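I have placed the structure first, in the form of structure tokens, so that the comments after it can refer back to it.
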Amino acid sequence: MELALKIILVIASLGLIAAVLLQPGKSAGLSGAISGGAEHLFGKKKARGLELFLSRLTMGLAVVFFVLSLIVAYFVKGA
């Protein structure tokens, strides 16, 4: 059981890394550094298509990663 959870955790972590790296940059140049991405935070630019899918995939994989991390830590501590 513990080995299977660790394997799933590694797969989830690799998927999370890939999803983050596939996302396009939100700000470019000096204007992005000054604003700090505030226009994305306040909804001036809505994500569509592939960006929306990657954003939701990243959130889902992050939740799976954190939950699996807690479960694996519980099993390792209990052993």
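Remember, it's a predicted structure, so these values are computed and weren't measured experimentally.
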Validation: residues 58-66 side-chain donor-acceptor distances under 3.5 Å, sequence neighbours left out:
{"unit_1": "Thr58", "atom_1": "OG1", "unit_2": "Gln23", "atom_2": "NE2", "d": "2.7"}
{"unit_1": "Thr58", "atom_1": "OG1", "unit_2": "Leu54", "atom_2": "O", "d": "2.7"}

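- Taking hydrophobic clusters as Ile, Leu, Val, Met, Phe, Trp and Tyr residues chained together by side-chain heavy-atom distances below 4.5 Å, Met1 shares a cluster with Val67.
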For residues 6-16, run the donor-acceptor check on the side chains, cut-off 3.5 Å, and write out each pair with its distance to 0.1 Å, sequence neighbours left out.
{"unit_1": "Lys6", "atom_1": "NZ", "unit_2": "Glu2", "atom_2": "OE2", "d": "3.2"}
{"unit_1": "Ser13", "atom_1": "OG", "unit_2": "Leu9", "atom_2": "O", "d": "3.3"}
{"unit_1": "Ser13", "atom_1": "OG", "unit_2": "Val10", "atom_2": "O", "d": "2.7"}

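- Hydrophobic side-chain contacts under 4.5 Å tie Leu21 into a cluster, directly or through other members, with Ile17.
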